[in-house]
Amino acid sequence: MNGKSFFKSTTFKCIIALLCVLLVSGIFLTIMNSLLAVTPEEKFNRAINKIYGKAVKTETISDIKSFNETSPNGSIEEAYKVKEDGNFLIKSTGYGGYDNGTVTCWVVVVVNGGAVKGIDKVIIDSNKAQSYIDRVGDKALSQFSELYEDGIVYTPSLITGATVTGTKNAICNAVNTALEFANVKCGNVASEAKKLLENIANIYGDTKVSVYGVDEKGEEKLIEETDETVKGFIETPVTSGKATVESLYKVRFNDGKNDVLHYVVSSTGVGGYPDGSGTVTCLTAFAIENGAISRIYKVTITANVGQSYIGNIEHLDKYPGADYIEGEDMNFVTSGATMSSTAINNAVNGAMRYIEANIANLGDITEDGDNNEGGEENE
């Protein structure tokens with residue numbers, strides 16, 4: 001077939017027809033995409049209407065980036081102050097959902113008199129990898145408002161009426177992150193010392209305890225709420241087994257008969273969901289007698305990264321009842337949260353190994369300067 005006959009052939013005509021169809025289709029799709037595209041402004045207006053049922057005036061809240069750099073369980077996408085009521089409208093993403101996915105929510109934080117006073121509304125905006133997110137309905141989301149109290153940290157166990165624990169964990173992290181951000185912006189963030197003392201008080205309940213760290217000279221000192229910063233008996237985080245030990249403090253109290261000495265250690269264990277890279281941070285209180293660990297007093301979880309089923313953990317109360325044997329690990333596993341349990345075990349065991357290796361250098365000094373390693377009553 002020569003050139004002239006090709007251009008007159010059916011094949012050439014079909015090619016031309018196909019090219020015309022493709023060209024027309026491309027132009028049509030470009031036009032429709034332009035017409036139907038939703039701009040960021042339109043997306044925002046739709047969210048506002050869904051939340052408030054009307055248009056409201058807002059002003060942007062700045063310094064999101066610096067907050068996100070130190071936020072382990074979520075991030076702030078957008079934040080506004082609503083001029084009509086003074087509340088904060090925050091779009092936040094919570095980590096730790098099913099299959100390590102995320103959930104992004106719009107959270108209306110009630111602000112009155114320059115302080116956070118509650119949650120008005122939580123609406124799910126989007127998600128990644130959350131197949132059953134439709135099981136978290138309006139009734140479940142309304143509980144964030146109903147359960148709010150000052151200092152609350154939402155967990156999946158608090159939000160009832162929805163069975164998707166991992167997804168609830170991500171939603172809780174989104175709301176907790178929004179609350180934390182709002183408190184930062186309102187200047188309601190407790191001092192480092194106050195937060196530490198509150199966490200330790202949660203371990204001991206109604207028992208009045210004194211918590212000790214060190215001063216700038218490295219000498220033992222009583223930690224008070226008014227201290228802007230605190231320093232424990234570990235200068236920099238250290239690796240111990242499959243954990244990083246971040247801090248150690250001494251706790252003293254009287255049990256009605258004797259003066260008691262405990263070491264409270266913050267440690268982060270690896271080995272968590274999904275592939276062993278997730279972590280759980282724990283505070284573990286160790287009873288100290290005669291210069292050695294005598295038993296574990298209590299274990300509490302203070303943070304996690306990527307642990308969808310952390311709300312299923314049920315074995316923390318087994319540590320205090322277990323026999324402590326120097327050099328032997330304690331391992332408890334909760335069905336349904338095996339990898340989270342592994343990270344917790346690693347955190348606790350890493351803290352134990354650290355104390356065993358360093359207890360001789362931690363000199364126990366009472367307020368009057370006398371040695372009191374055995375927890376015996378002062379004379």
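Using a 4.5 Å cut-off on side-chain heavy atoms (C-beta onward), V82 and F88 make no contact. Counting only heavy atoms from C-beta outward, the side chains of V348 and S267 never approach each other to under 4.5 Å.
You'll find the ring centres of Y263 and Y249 outside the 6.0 Å limit. For F144 and Y154, the gap between ring centers is short of 6.0 Å.
In this structure, K91 pairs ionically with D125, as a charged nitrogen and a carboxylate oxygen lie closer than 4.0 Å. Here E198 does not pair with K195 in a salt bridge; the nearest charged N to carboxylate O distance is not below 4.0 Å. Using a cut-off of 4.0 Å between Lys/Arg side-chain N and Asp/Glu carboxylate O, K194 and D227 are scored as not salt-bridged.
Atom CD of E216 is surrounded by 12 or fewer heavy atoms from other residues, nucleotides or ligands within 6.0 Å. K81 NZ: 12 or fewer foreign heavy atoms inside a 6.0 Å radius. Counted within 6.0 Å of CG on D275, heavy atoms from surrounding residues, nucleotides or ligands total more than 12; the atom is thus considered enclosed.
Looking at Q143, its side chain does come within 3.5 Å of a backbone N or O of T160 through a donor-acceptor pair.
A cation-pi contact links R252 to Y212, judged by a cut-off of 6.0 Å to the six-membered ring centre and 45° from its axis. For the pair K250 and F233, the cation-pi test (distance below 6.0 Å, angle within 45°) is passed.
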